[in-house]
Each structure stands twice: as C-alpha cells, then as structure tokens.
Amino acid sequence: MNARQTLLDWLVPDTIRATLPTMLALPPLPPAEALWALVWLLGVAGLLMQSLALFKSALGRLVSRHLPSWWLDTIVAHRVVQRLVWIFPVLLVNRGVLLVPTLTPPVIDWLQRFTLAWLAIVTARTLGAATDAAHAIYQHHPMGRGTPIKGYVQISKLLLYLSAVYLAVSALADRSPWYFLSGLGALTALFLLIFRDTLLSFVAGVQMVNNDLVRVGDWIQMPQFNADGEVIDIALNAVRVQNWDRTITAIPAHKFLDHAFTNWRGMFDSGHRQILRTIYLDMGTVRFLQPEEIERFGRFFLLEDYIREKQQEIETWNAANWPEDHADILANGRHLTNIGTLRAYIREYLKRHPQIDASATLVVRQMEPTPHGVGLQIYAYANETALKDFERVQSDIFDHILAIVPEFELRLFQQPSGSDLQAPRRDAAL
C-alpha cells in the first residue's frame with residue numbers, strides 16, 4: 001500500500017468511503033420510461049418556476065408590510081428573500097417526483113435524496129444571508145458600534161455550512177446523520193490542524209468582546225505589528241487597523257491576547273487629552289529677583305496676586321528666622337527667583353486658558369538638572385481630543401511660553417550650532 005492510499009484511508013473514514021459509490025449514481029431507466037419521465041419532469045419544472053415567482057412575490061409583499069424600510073433594504077441587499085424562495089420549490093420537487101408515474105422506486109428514491117441534499121444547502125445559504133443581514137442591522141444600533149460581533153457571525157456561518165455539507169452527504173448516502181459520527185473521530189486531529197488559528201482567534205474574539213478591549217473606531221497602538229491608527233474591522237481571524245499614513249495593518253485576532261497594545265478610547269471618552277512636555281532653561285541664567293524686577297512683575301495681571309502673597313510670606317519668614325542686621329546678604333533669607341516666578345506665571349496662564357481643564361490635574365514642576373539645563377515640565381489636560389485641534393492648542397500654549405521666557409531674564413537651552421561657534425570668532429577678529 002503506497003503513502004497516497006494510506007493518507008486517503010486516514011482522511012476518509014470507512015463509513016463515508018463505503019457509501020461514496022452509491023451517493024450520486026443514478027439508477028438505470030428504460031428509454032421509453034425515461035422519455036415519459038422527462039416529459040413529466042418538464043411539467044414539474046414549469047410548475048416549479050411558476051410557484052417560485054408566486055412565492056417570491058407573496059413573500060416580498062409580506063416582508064415589506066411588516067418591516068421598516070431600511071431593514072427591507074438591508075435584507076434585499078443581502079439577498080435573503082432571493083435565497084429563501086428556493087426552499088419551497090425544492091420541497092415541491094421532492095414531493096412532485098412521486099406524481100411521475102413512469103419513474104421507478106430507485107429513481108424516485110435517488111431524486112428525493114438529491115433534493116434533500118439540495119434543501120440542506122439552500123437552507124444553509126438562506127440562514128447565512130439572514131445572519132449577514134441581522135449583523136448589518138445590528139451594526140446600525142448604538143450597541144453594535146461598541147460591541148462588535150463579527151467574529152461570532154463568521155464562526156456561526158462556518159458551523160452552519162459545515163453542518164449543511166454533513167447533512168447533504170447523509171442525504172445522498174441515504175444514511176442517518178448519526179451514522180457518520182463514528183467516522184468523525186479520525187478527522188478531529190485534521191480539523192484542529194486546519195482550524196487552529198480560527199479556534200484561537202475565536203477564543204480571542206470572545207475575550208475581546210466580553211472584556212470590551214477593542215471596538216471598531218478605536219485608536220490603538222501595537223508597535224510589534226507597526227500598527228498605529230483606527231480599527232476599521234474586527235473579524236474572526238484578523239483585526240484590521242488603518243494607520244495614520246493610510247496603510248492597512250491586519251493583525252491576527254489571537255495576537256491581542258499574546259501582545260500588549262495601547263487603546264486611546266479612554267482619552268476620547270473623557271473628553272480630555274494630556275499635555276506633557278518639558279522646556280529646558282540655561283542654569284546659568286537662574287538667579288534671585290531684584291526689587292525693581294519684583295515691582296515690575298507685580299504689575300503683571302497673572303502675577304499680581306502671587307507677588308503680593310509671596311512677598312508677604314517671605315518677609316514674615318525672614319523676620320522670624322533671620323536677624324535684621326544680616327538682611328543685606330542674599331544668603332541670609334529667602335528671596336524670589338526668576339525661575340520660580342516663571343513657574344507661577346505658567347501655572348496661572350494655564351488655569352485661565354479656555355481650552356485647558358482647570359479641574360483636572362495641572363502641574364508645572366521643576367525637573368532634575370541635566371547637561372541640557374534645568375527642565376520645567378508642563379502637565380495639564382486640554383479640552384480637545386482630535387489630533388488637529390489638540391496640536392493647535394498645545395502649540396499655541398508653548399508658543400506663548402517660549403516667547404515669555406526672556407521676560408524673566410532666563411534663556412532657553414539648545415545645543416550650539418555652527419553659527420553660535422562662529423560668532424565669538426568674528427567678535428574677536430573685530
């Protein structure tokens with residue numbers, strides 16, 4: 001026995017292989033009886049076509065009276081009625097062959113088995129179309145936008161079509177469906193091998209839907225697959241993401257349980273988007289404020305309360321902790337600094353900004369000094385979540401901050417460029 005025959009014997013169980021020769025073999029019929037049978041079958045076919053038209057018309061009127069118009073459009077678009085009307089003619093043929101007097105019992109038996117197999121396929125196609133239509137209607141519902149069920153629909157259709165093929169084979173073989181169950185055990189390993197990814201993706205889909213991990217329309221980031229964009233489809237085997245550069249990334253559904261990913265839905269649902277950015281200041285420009293500078297900053301609308309309260313606090317503290325005869329030395333006491341005043345200015349500016357949520361966390365803090373200078377980090381939440389609007393708000397805020405820094409006698413830090421290095425040489429030459 002060669003390897004090919006051994007593989008065939010393993011894939012096709014004995015119960016199915018034994019019935020294959022008789023499934024589609026039409027019993028012999030004498031020529032005269034065959035002619036009369038053909039005439040009768042043509043008559044049955046004519047009645048079949050007429051009944052098909054009448055049944056289609058009646059079913060269309062029934063559906064249009066009891067369903068909303070957009071439901072009807074969805075059902076028509078998925079060809080549910082067109083497939084459903086074929087069930088009645090198939091049943092008519094199955095019963096009509098009994099009226100043909102010249103057909104022998106074996107021929108009638110073969111035709112009835114064939115129509116039963118046909119009925120199983122037609123029913124599966126009708127239910128598949130109805131499932132697609134129901135899914136399309138569900139997607140129009142608000143719940144459908146937040147809870148995708150496409151994976152469940154696809155696995156249901158897969159099981160439906162496999163069942164239809166199984167019932168069709170049973171009908172053609174004239175065997176009970178339970179007859180073939182004894183041979184399905186040998187195919188279990190093959191099914192697990194073929195549908196491995198499908199089964200894993202189905203389990204992953206159940207987890208994603210039940211835990212509400214991903215929805216259509218979510219912005220997700222999955223660096224492992226170069227995915228950074230909006231989810232446009234959640235199917236049984238794959239989740240499709242349209243990246244911001246308009247490319248499409250298809251990610252196997254079961255990978256969402258194996259890899260970490262970021263979902264930005266919470267940010268959009270809250271209506272706020274975080275601003276977290278640091279500016280670096282030259283540490284050589286940080287110093288105490290002079291009295292005339294304190295007076296000038298006290299006239300700033302955003303700083304007048306801060307300067308007044310801070311001055312009172314410092315004077316009270318110095319009077320309680322330092323002797324008056326040592327007040328002329330800066331080290332003997334507390335004083336206002338330009339960097340601290342800048343922090344207070346930025347904080348008040350953000351609090352009064354119309355597109356910053358003042359009720360959320362708002363922090364302007366000094367970071368640890370680095371070779372790039374001392375950092376001031378702005379931590380706030382904008383009221384805009386759309387990328388274009390958010391970036392506009394954030395840019396406007398930092399435009400103002402970068403422009404106001406020199407008013408506090410501070411200098412922004414940046415790496416020296418070639419022109420910076422050439423300027424001292426030109427000055428020396430002059």
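Just so it is clear, the model here is predicted, and its values are computed rather than measured.
- For the pair Ile275/Phe398, a side-chain contact is recorded, criterion being any heavy-atom separation below 4.5 Å from C-beta on.
- Going from atom OG1 of Thr337 over to atom CD1 of Ile339 covers 6.5 Å, rounded to the nearest 0.5 Å.
- In this structure the side chain of Asp389 never reaches within 4.5 angstrom of the side chain of Asn383, judged on heavy atoms.
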_Set out, in order, the CA-CA distance, both residues' side-chain angles and the distance that settles side-chain contact (heavy atoms from CB on, under 4.5 Å) for Leu213 and Asn263, then state yes or no._
CA-CA 8 Å; Leu213 299 179; Asn263 191 331; over 6 Å; no
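- Using modelled atom types, no side-chain atom of Glu348 and backbone atom of Phe301 make a donor-acceptor pair closer than 3.5 Å.
- Atom CG of Leu281 sits about 11.0 Å away from atom CZ of Phe413, to the nearest 0.5 Å.
- Proximity of Leu410 to Asp282: side-chain heavy atoms (C-beta onward) are nowhere separated by under 4.5 Å.
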Between side-chain atoms of residues 354-363 and protein atoms elsewhere (two or more places apart, or another chain), which donor-acceptor pairs fall under 3.5 Å?
residue, atom, partner, partner atom, Å
Asp357, OD1, Ser359, N, 3.1
Asp357, OD1, Ser359, OG, 2.6
Asp357, OD2, His272, NE2, 2.9
Asp357, OD2, Ser359, OG, 3.3

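- For Gln311, the CD atom is densely surrounded, since the number of other residues' heavy atoms within 6.0 Å is greater than 12.
- Between Ile314 and His335, the shortest heavy-atom distance links the atoms CD1-C, 3.9 Å.
- Counting non-hydrogen atoms of neighbouring residues, nucleotides and ligands closer than 6.0 angstrom, the CZ atom of Arg411 reaches no more than 12 such neighbours.
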**Message:** Go through it in stages, so that I can follow the logic: the residues are Asn338 and Arg287, the test is side-chain contact (heavy atoms from CB on, under 4.5 Å), and I'd like the CA-CA distance, side-chain angles, deciding distance and then a yes or no.
**Reply:** CA-CA 6 Å; Asn338 56 354; Arg287 59 178 178 80; 3.8 Å; yes
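- Taking all atoms of both residues into account, the shortest heavy-atom contact from Ile234 to Val216 is CD1-N, 3.8 Å.
- Just one of Ile121, Thr123, Val122 meets the side-chain contact (heavy atoms from CB on, under 4.5 Å) condition when paired with Arg125; it is Ile121.
- The structure places CG of Leu350 at 5.5 Å from CD1 of Ile397, a figure rounded to the nearest 0.5 Å.
- Nearest heavy-atom pair across Met222 and Ala260 is CG-O, 4.0 Å.
- Considering only residues two or more places apart in sequence or on other chains, Arg277 meets the salt bridge (charged side-chain N to carboxylate O under 4.0 Å, His left out) condition with none of them.
- For Asp218 against Arg215, the heavy-atom pair with the smallest separation is OD2-N, 2.8 Å.
- Evaluation of the ring pair (Phe, Tyr, Trp, His ring centres under 6.0 Å) test over residues 213-254, restricted to residues two or more places apart or in two chains, returns Trp219-Trp244, Trp219-Trp264, Phe225-His259.
- By the 4.5 Å heavy-atom criterion applied to side chains, Arg343 and Ile346 are not counted as neighbours.
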| Test log, rule side-chain contact (heavy atoms from CB on, under 4.5 Å), inputs Arg392 and Lys388 | CA-CA 6 Å; Arg392 174 180 54 78; Lys388 179 178 66 175; 5.9 Å; no
Derivation of the side chain to side chain donor-acceptor pair (under 3.5 Å) call for Asn226 and Thr249 = CA-CA 8 Å; Asn226 295 321; Thr249 300; over 6 Å; no
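- Residue Tyr349 forms a side-chain contact (heavy atoms from CB on, under 4.5 Å) with just one option from His353, Lys351, Arg352, and that option is His353.
- Taking Glu230 as the reference, nothing meets the salt bridge (charged side-chain N to carboxylate O under 4.0 Å, His left out) condition, with sequence neighbours excluded.
- Remark: Glu309 pairs with no residue by the salt bridge (charged side-chain N to carboxylate O under 4.0 Å, His left out) rule, at least two apart or across chains.
- Contact detail for Gln366 and Leu376: the closest heavy-atom pair is CA-CD2, 4.0 Å.
- We find the CZ-NZ distance between Phe261 and Lys255 to be 14.5 Å, quoted to the nearest 0.5 Å.
- Contact between Ala120 and Leu167 at its shortest, heavy atoms only, is CB-CB, 4.2 Å.
- Rounding to the nearest 0.5 angstrom, the gap separating the CD atom in Glu409 from the OG1 atom in Thr341 is 12.0 Å.
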| request: Show your reasoning for whether ring-ring contact (aromatic ring centres under 6.0 Å, His included) applies to Tyr306 and Phe297. | output: CA-CA 10 Å; Tyr306 168 78; Phe297 287 136; 9.8 Å; no
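- At a cut-off of 3.5 Å, with distance as the only test, no side-chain donor of Gln414 or Tyr280 sits close to an acceptor on the other residue.
- Classified by interplanar angle (parallel below 30°, tilted 30° to 60°, perpendicular above 60°), the ring pair Tyr345/His400 is parallel.
- Residues that satisfy the salt bridge (charged side-chain N to carboxylate O under 4.0 Å, His left out) test with Asp132, not counting sequence neighbours, are Lys157.
- For Arg365, the CZ atom sits in a loose shell: 12 or fewer heavy atoms of surrounding residues, nucleotides or ligands are nearer than 6.0 Å.
- The closest donor-acceptor contact from the side chain of Thr247 to the backbone of Asn243 lies at 3.5 Å or more, if one exists at all.
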Worksheet item: Given the rule in the side-chain contact (heavy atoms from CB on, under 4.5 Å) test, do Ile232 and Ile248 qualify, once you have shown the distances and angles that lead to the verdict?
Response: CA-CA 9 Å; Ile232 59 174; Ile248 304 294; 3.8 Å; yes
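- Distance CD/Gln394 to CD1/Ile378: 10.0 Å, rounded to 0.5 Å.
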